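This report refers to the structure that appears directly beneath it.
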There are 2 protein chains.
Amino acid sequence: MAKRAANGSAQSPRRTDSLSRELIIQTAIEILDSDGESALTLRALTVRLKTGYGAIYHHVADKGDLLAAATDDVITRVLSGTATAAGPRDTLRLLAQGLFDAIHTHPWVGAELSRQPWRPALLDFYESIGRLLDALAVPERARFDAAGTLLNYVLGVAVQNAANARHLIGRDADREAFLNTTAARWAQLDPARYPFVHATVTQLREHDDREQFLAGIDIFLAGIAALRQK
Amino acid sequence: MAKRAANGSAQSPRRTDSLSRELIIQTAIEILDSDGESALTLRALTVRLKTGYGAIYHHVADKGDLLAAATDDVITRVLSGTATAAGPRDTLRLLAQGLFDAIHTHPWVGAELSRQPWRPALLDFYESIGRLLDALAVPERARFDAAGTLLNYVLGVAVQNAANARHLIGRDADREAFLNTTAARWAQLDPARYPFVHATVTQLREHDDREQFLAGIDIFLAGIAALRQK
DNA sequence: ACCTGAACACCGTTCAAGT
DNA sequence: ACCTGAACACCGTTCAAGT
């Protein structure tokens, strides 16, 4: 009887599709993407899944577990979806781009990555970085620091993106309006006290987040190459 | 009468020292430092300050405002406390070190920095970076990307530090025990699937967070210098 | 085995009432 | 002007009871 139930056709209580961990995670991702982190409540999940609280806790340890699993899901898709380019340098850039785009689509991932250190997904990303640095002929001794630095940089960008996205949600303002108000505020600062910020206002208004992120990757790669030659 | 009250000696309700925004912020910092982010509740504040909820909300907009103010306070102290070294390169390293040490002492700052983008304190830090890059002869066009990259890296490290500290609180494990268990887990991973992580286990166990952070700063500085020459 | 939903403990925040 | 604390709305989580 247990075998027949495992085959999927027998018994069938009342729902044709029973609840599963995977379904819960996917539904959580939908809520997070459409309405932001604060919208993901256990209540909202029970409504969307037409179930009770206990049913969810039967498949998921707690809310932290759910958020972590959703994050792992997104990151894993990035890693498996990244094409390998001609050289390790371009592959690393593609990988970084893929992660940037994923966090752009799912800003909550940036916030979640900052909560649980060394989740499996982050470990896979770290492994990918390490291998590519190996291919780039970074000596073993320097590879540990280099991989950690790159991971921290990517994480910092992810977190900033998440913070920016959070501040846009629920406002009538879009990205451009946000940049304009920020630029206007910067322009009003005392030029004597904030000369650099002042000089940078135009670039703030015109810059592209993705391009700036990749510029940072290039700085890092140039730094690796420079240190390697010593 | 209003004037006399402002002079501070008249009327005097019942407490000799009245509540102030500054006192609330300092008390919040004490709670955060000793017991972590989750310990800072409005309830805990009222108990510690021997007051009611409304009194706190009279000086502070909400909990977010309080956390942001506490973070600003810590960062501002770092900036004003950093000595200027011989050259801009060393000054920049000192500044980074100061920030690292501050976040080491107040891990919750790392988490908070990731919540509110472009707080005043972060703007001051950004300004400092920009000026030092100017002193390092980084051309104006490249300075914007370079400063952003450096800021994102520092932010990433801050966030990772906060996450690690959070996972140590409430456990009997200290940092060394945590590193050992993590290293043990890494060592058990499939070497065919995680060759880099495997090769790096020893360095994980022996590394110093502060040194690795500074190694990252050096990588970026080398990269900035290399790109400048093109 | 899996699900239901009332109940619980605990948040941040408000506000009528005090001084 | 500043403070008090009961009350409110809303969390995540549990658990006895159902199928």
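Everything numeric here is computed off the predicted structure, so don't read it as measured data. Just so we're on the same page: letters track the sequence lines, and every chain starts at 1.
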With sequence neighbours excluded, tell me which residues meet salt bridge (charged side-chain N to carboxylate O under 4.0 Å, His left out) with B:Arg77.
B:Asp73

Could you check how far CG of B:Leu49 sits from P of D:dT4, rounded to whole Å?
10 Å

Toss me the dot-bracket line for DNA chain C: Watson-Crick and G-U wobble, both under 3.5 Å, 5' to 3', using | for pairs to another strand and [ ] for crossers.
||.|||||...|||||.||

Residues forming a salt bridge (charged side-chain N to carboxylate O under 4.0 Å, His left out) with B:Asp101, sequence neighbours excluded:
B:Arg210

Can you name the residues that form a side-chain contact (heavy atoms from CB on, under 4.5 Å) with A:Leu99, not counting sequence neighbours?
A:Ile75, A:Val78, A:Ile103, A:Phe125, A:Val154

Can you check the A:Ile24 CD1 to C:dC2 C1' distance for me, whole Å?
11 Å

Selection: residues 25-47 of chain A, any non-hydrogen atom under 4.0 Å of DNA chain D:
A:Leu40, A:Thr41, A:Leu42

Would you say the ring centers of A:Tyr126 and A:Trp118 fall short of 6.0 Å from each other?
yes

Salt bridge (charged side-chain N to carboxylate O under 4.0 Å, His left out) with B:Arg48: which residues, sequence neighbours excluded?
B:Glu30

Residue pairs fulfilling salt bridge (Lys or Arg N to Asp or Glu O under 4.0 Å) with at least one residue in residues 178-201 of chain B, sequence neighbours excluded
A:Asp124-B:Arg193

Could you identify which residues of residues 54-72 of chain A place a heavy atom less than 4.0 Å from some atom of DNA chain D, listed by residue number, or say none?
A:Gly54, A:Tyr57, A:Asp62, A:Lys63

Counterpart residues, side-chain contact (heavy atoms from CB on, under 4.5 Å), relative to A:Ala215 (two or more places apart)
B:Asp145

List the residues meeting ring pair (Phe, Tyr, Trp, His ring centres under 6.0 Å) with B:His58, not counting sequence neighbours, and say none if there are none.
none

Over how many whole Å does the gap from A:Tyr53 atom OH to D:dA16 atom C1' extend?
17 Å

B:Gln203: which residues meet the side chain to side chain donor-acceptor pair (under 3.5 Å) condition with it, sequence neighbours left out?
none

State which residues pass side chain to side chain donor-acceptor pair (under 3.5 Å) with A:Asp35; sequence neighbours excluded, sorted by chain then number.
none

